[in-house]
Trainee: 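Sharing a structure with you now.
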2 protein chains.
Amino acid sequence: MKRNSRLSLALHTLSHMAGEPAQVRTSSDIAEHAGTNPVVVRRVLGRLRDAGLLSSEKGHAGGWRLARAPQDITLADVYLALNESLVASTEEPETAECSLEHALHRRVADVLEDVEKTLIHRLSETSISEIRGA
Amino acid sequence: MKRNSRLSLALHTLSHMAGEPAQVRTSSDIAEHAGTNPVVVRRVLGRLRDAGLLSSEKGHAGGWRLARAPQDITLADVYLALNESLVASTEEPETAECSLEHALHRRVADVLEDVEKTLIHRLSETSISEIRGA
DNA sequence: TCATCATGCAACTATCGCAGTTACAAAGAA
DNA sequence: TTCTTTGTAACTGCGATAGTTGCATGATGA
């Protein structure tokens with residue numbers, strides 16, 4: 001696993017859960033299926049739980065399950081829960097030496113903001129229940 | 001300097017050049033202004049030269065200058081020249097274990113492709129001659 | 001011709017983000 | 001009380017890339 005792995009892992013897991021919403025899955029099971037580590041799974045899914053997409057329980061028969069109906073969880077929800085910016089933000093130039101620098105940054109930041117809105121809008125059009133394998 | 005620095009450096013430098021297109025600038029001058037290193041400048045501007053946006057010359061009175069009129073160089077040109085993906089691409093899952101994984105990847109990749117087109121379109125609406133400080 | 005000044009480029013170091021891992025505490029169920 | 005599972009801190013390893021050093025190459029002008 002390499003890059004954008006958090007989003008991939010989250011979406012992959014949720015898509016599976018959407019197919020069988022009643023089933024509870026442990027971090028170990030999920031990690032094994034995703035080819036990664038239980039701790040990594042808990043780190044990523046923890047964010048989704050904090051965002052109200054998943055619930056987790058400890059102890060015997062504990063694990064992870066959807067906190068909402070699958071059709072009420074969109075790709076945008078997941079994207080926002082992870083605070084993943086697929087649209088990179090150019091950071092503010094801290095040393096405010098040059099006015100051109102500022103004008104430029106504002107211009108680019110405006111464009112990126114618009115583009116991110118477009119991205120989120122597009123992602124919100126698909127729920128995790130709509131992902132189906134071939 | 002930290003992240004997205006190539007694009008920042010390139011745009012910043014080109015914007016300055018747009019204000020005085022006749023002037024030739026050395027890597028050292030540019031690096032000093034941008035708070036970085038001449039070699040880094042040459043690395044970044046080299047890509048812009050390869051893309052036909054800049055020209056460079058060695059020797060006395062050598063250095064960098066615009067290869068086109070400033071109003072004919074858009075932010076999109078710079079973005080594309082650097083091959084910077086501000087829209088992160090989710091890489092193809094190499095181990096094709098799971099069909100859901102594929103369906104998911106295709107869906108997300110489609111959205112990202114569209115979004116990147118939007119980004120480039122938006123960037124192409126502004127030329128480097130249109131950036132003005134306060 | 002030759003010294004000088006610039007780019008071009010290869011190689012190395014430093015740093016940062018992040019996945020992966022280990023270890024253990026906390027909590028819930030049998 | 002014991003087993004199972006999450007929660008979390010701390011560390012390691014790796015990849016990307018800015019920064020740096022050193023030197024070759026080419027252009028200019030005295």
Side-chain angles (χ1 to χ4, degrees), chain A residues 1-13 17 23-51 53-67 82-86 88-91 93-95, chain B residues 1-13 17 23-51 53-67 82-86 88-91 93-95:
Chain A
M1 192 173 290
K2 265 185 185 174
R3 222 178 138 213
N4 281 116
S5 53
R6 286 195 294 259
L7 186 62
S8 296
L9 174 57
L11 290 177
H12 186 187
T13 303
M17 286 176 157
Q23 188 178 335
V24 175
R25 293 153 213 256
T26 67
S27 308
S28 295
D29 293 344
I30 295 167
E32 190 173 5
H33 182 82
T36 181
N37 188 287
V39 177
V40 173
V41 170
R42 289 200 282 270
R43 277 208 282 250
V44 173
L45 298 194
R47 300 212 202 184
L48 303 184
R49 181 198 54 230
D50 295 345
L53 307 183
L54 287 177
S55 65
S56 63
E57 277 172 35
K58 296 181 176 178
H60 280 88
W64 302 83
R65 99 181 68 200
L66 294 180
L82 292 178
N83 204 26
E84 284 264 333
S85 51
L86 286 180
S89 60
T90 58
E91 82 272 12
E94 61 292 330
T95 52
Chain B
M1 190 172 293
K2 267 183 183 175
R3 221 178 140 212
N4 282 116
S5 53
R6 286 195 294 258
L7 186 60
S8 297
L9 173 58
L11 289 176
H12 186 188
T13 303
M17 286 176 158
Q23 188 178 335
V24 175
R25 293 155 212 255
T26 67
S27 308
S28 295
D29 292 344
I30 296 167
E32 190 172 7
H33 181 82
T36 182
N37 189 287
V39 177
V40 174
V41 170
R42 289 201 281 271
R43 278 209 280 249
V44 172
L45 299 194
R47 298 211 203 185
L48 303 184
R49 181 199 52 230
D50 295 345
L53 307 183
L54 288 176
S55 65
S56 62
E57 277 173 33
K58 296 180 175 178
H60 280 87
W64 301 84
R65 99 181 65 199
L66 294 180
L82 292 179
N83 203 28
E84 284 264 333
S85 50
L86 286 181
S89 58
T90 58
E91 82 273 10
E94 59 294 329
T95 52

Trainee: Where do Leu66(A) and Leu54(A) land on the side chain to side chain contact (heavy atoms under 4.5 Å, CB included) test, with the steps shown first?
Mentor: CA-CA 5 Å; Leu66(A) 294 180; Leu54(A) 287 177; 3.7 Å; yes
Trainee: Could you check whether any side-chain heavy atom of His33(B) comes within less than 4.5 Å of a side-chain heavy atom of Arg25(B), counting everything from C-beta outward?
Mentor: no
Trainee: Thr13(A) versus Val44(A): any side-chain heavy-atom pair under 4.5 Å?
Mentor: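 When only atoms from C-beta onward are counted, Val44(A) and Thr13(A) do not touch, as no gap falls below 4.5 Å.
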Trainee: Can you name the closest pair of heavy atoms from Gly62(A) and Val24(A) and give their distance?
Mentor: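 Scanning both residues, the minimum pair turns out to be O-CG1, 3.4 Å.
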Trainee: dA10(C) P sits how many Å from Asn37(B) CG, rounded?
Mentor: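 Going from Asn37(B) (CG) to dA10(C) (P), I get 17 Å.
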Trainee: Please report how far the helix from dT1(C)-dA30(D) to dA30(C)-dT1(D) bends, comparing the axis fitted to its first five pairs with the axis fitted to its last five, to the nearest 10 degrees.
Mentor: 0°
Trainee: Got more than 12 heavy atoms from elsewhere within 6.0 Å of CD, Gln23(B)?
Mentor: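 Correct, the count exceeds 12.
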Trainee: Which atoms form the tightest heavy-atom contact between Trp64(B) and Thr26(B), and what is the distance?
Mentor: CD1-C, 4.3 Å
Trainee: Strictly below 4.0 Å: does Ser5(B) bring a side-chain N or O up to OP1 or OP2 of dT17(D)?
Mentor: no
Trainee: To check you understand the geometry: which heavy-atom pair defines the closest contact between Leu9(A) and Val41(A), and what is its length?
Mentor: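 For Leu9(A) and Val41(A), the tightest heavy-atom pair comes out as CD2-CA, 4.2 Å.
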Trainee: Glu57(A): which residues meet the side-chain hydrogen bond (donor to acceptor under 3.5 Å, both in side chains) condition with it, sequence neighbours left out?
Mentor: none
Trainee: So if I define the base as every atom that isn't primed, P, OP1 or OP2, how would nucleotides 5-14 of chain D read as a B/S/- string at a heavy-atom cutoff under 4.0 Å?
Mentor: BBBBBB----
